[in-house]
Amino acid sequence: MTLLLDNRQRAMLAEMGVRTDFLPAAPSDAIATRAPAEVAPASAQRVDTLAQAATPPAPSIPLAQAQPLASLASTAVSELGWEALEQSVRACQACGLCKTRKNTVFGVGAPAAGPGLAPRADWLIVGEAPGENEDLQGEPFVGQAGRLLDNMLKAMGLSRRAQGAPQDSVYILNVLKCRPPGNRNPQPEELLQCAPFLERQVALLQPKIIVAMGRFAVQSLLKDSVPQVESIPLGKLRGQIYNYRGIPVVVTYHPAYLLRSLAEKAKAWADLCLALGRARRPQD
Ligand code: URA
């Protein structure tokens with residue numbers, strides 16, 4: 001795939017710290033990306049605690065089908081519509097993080113496709129967990145790492161605030177919906193308890209592509225399809241397209257890591273080019 005960069009995108013990449021001058025010069029100022037190696041979906045075995053039916057193909061469930069909050073506890077997360085799911089996250093007390101959180105952080109991005117419907121998002125960005133700012137504001141990626149993420153999105157011509165064309169709309173969420181105290185790493189039990197929320201969000205959003213940012217997002221999304229994914233360094237997982245419940249997944253570094261490891265920003269840009277190529281490929 002060849003990606004044409006205009007001056008604005010070059011400026012955004014410069015802001016990300018990604019140099020574009022050394023990239024293969026093409027007559028049309030193009031960046032060439034390598035062809036993705038597709039990884040066939042493995043037969044996914046679900047490990048979450050809720051017995052869930054196969055992911056329904058329908059992207060959205062009308063509000064009328066959403067249960068009132070009072071009955072959410074007895075409803076499997078896999079059955080909830082978008083608004084009921086958000087309420088369910090807000091009310092969740094499944095792990096100890098509920099004791100220290102100020103807000104749950106459900107996600108942000110493209111507006112709902114209609115009353116009671118999930119957003120219509122082509123791109124799903126999956127991060128790790130809310131930090132202090134996210135906990136205070138109830139929105140993912142609003143701190144320094146979030147500013148870098150916004151610049152990365154801008155460099156691709158995307159924005160979390162875009163209201164216009166549904167094509168290339170974005171939704172951003174985290175694997176964990178509550179802040180781990182002191183921004184410590186998520187614990188296995190917390191990831192397990194939160195997994196059904198992520199799973200249901202993806203089932204309802206039905207994005208064209210998922211970008212998994214950082215170790216915990218990658219492990220959560222690929223644990224059923226990549227054997228021993230937790231023991232494979234993220235750098236070794238890059239450069240391929242994986243599959244999460246029929247949706248292509250691209251692996252890249254977490255923006256917070258990129259803030260500390262400037263040299264990896266060019267690799268992250270290569271990952272985003274891989275994702276762009278896959279997202280814009282005609283439907284199979
Ligand atoms: N890091 C994440 O993974 N998510 C956020 O929302 C903020 C920082």
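Residue indices begin at 1 and follow the sequence shown. Note that these values count all heavy atoms, side chains included, but never hydrogens, waters or copies made by symmetry. Atoms within a ligand are numbered from 1 in the order they appear, just like the ligands themselves. Worth saying up front: this structure is predicted, and the values here are computed from it rather than measured.
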Pairs under 3.5 angstrom only: tabulate donor-acceptor contacts from the side chains of residues 100-117 to other protein residues two or more places apart or in another chain.
residue : atom : partner : partner atom : Å
Thr100  : OG1  : Leu97   : O            : 3.4
Arg101  : NH1  : Cys92   : O            : 2.9
Arg101  : NH2  : Arg90   : O            : 3.1
Arg101  : NH2  : Cys92   : O            : 3.1
Asn103  : ND2  : Asp135  : O            : 2.9
Asn103  : ND2  : Leu136  : O            : 3.1

Filter the ligand 1-protein atom pairs down to N or O on both sides and distance under 3.5 Å, then list them.
residue  : atom  : partner : partner atom : Å
ligand 1 : 1 (N) : His254  : NE2          : 3.2
ligand 1 : 3 (O) : Glu128  : N            : 2.7
ligand 1 : 3 (O) : Ala129  : N            : 3.4
ligand 1 : 3 (O) : Asn174  : OD1          : 3.4
ligand 1 : 3 (O) : His254  : NE2          : 2.7
ligand 1 : 4 (N) : Ala129  : O            : 3.1
ligand 1 : 4 (N) : Asn174  : OD1          : 2.7
ligand 1 : 4 (N) : Asn174  : ND2          : 3.4
ligand 1 : 6 (O) : Phe141  : N            : 2.8
ligand 1 : 6 (O) : Asn174  : ND2          : 2.9

- Is the closest side-chain heavy-atom distance between Pro186 and Val175 below 4.5 Å?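 SC-SC contact between Pro186 and Val175 ruled out.
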- Item | For Tyr253 against Gly235, the heavy-atom pair lying closest together |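 Here Tyr253 and Gly235 meet closest at OH-CA, 3.7 Å.
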- Closest approach of Ala279 to Ile209 (non-hydrogen atoms, all atoms of both residues):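 So the two residues come closest at CB-CG2, 3.9 Å.
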- Query: Are Gln193 and Glu189 close enough that a side-chain donor and a side-chain acceptor fall under 3.5 Å?
  - Reply: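 Yes, Glu189 and Gln193 have a side-chain donor paired with an acceptor closer than 3.5 Å.
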- State, without any angle test, whether Arg179 and Asn183 hold a side-chain donor-acceptor pair at a distance under 3.5 Å.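 Yes, because at least one side-chain N or O of Arg179 sits under 3.5 Å from a partner of the opposite role on Asn183.
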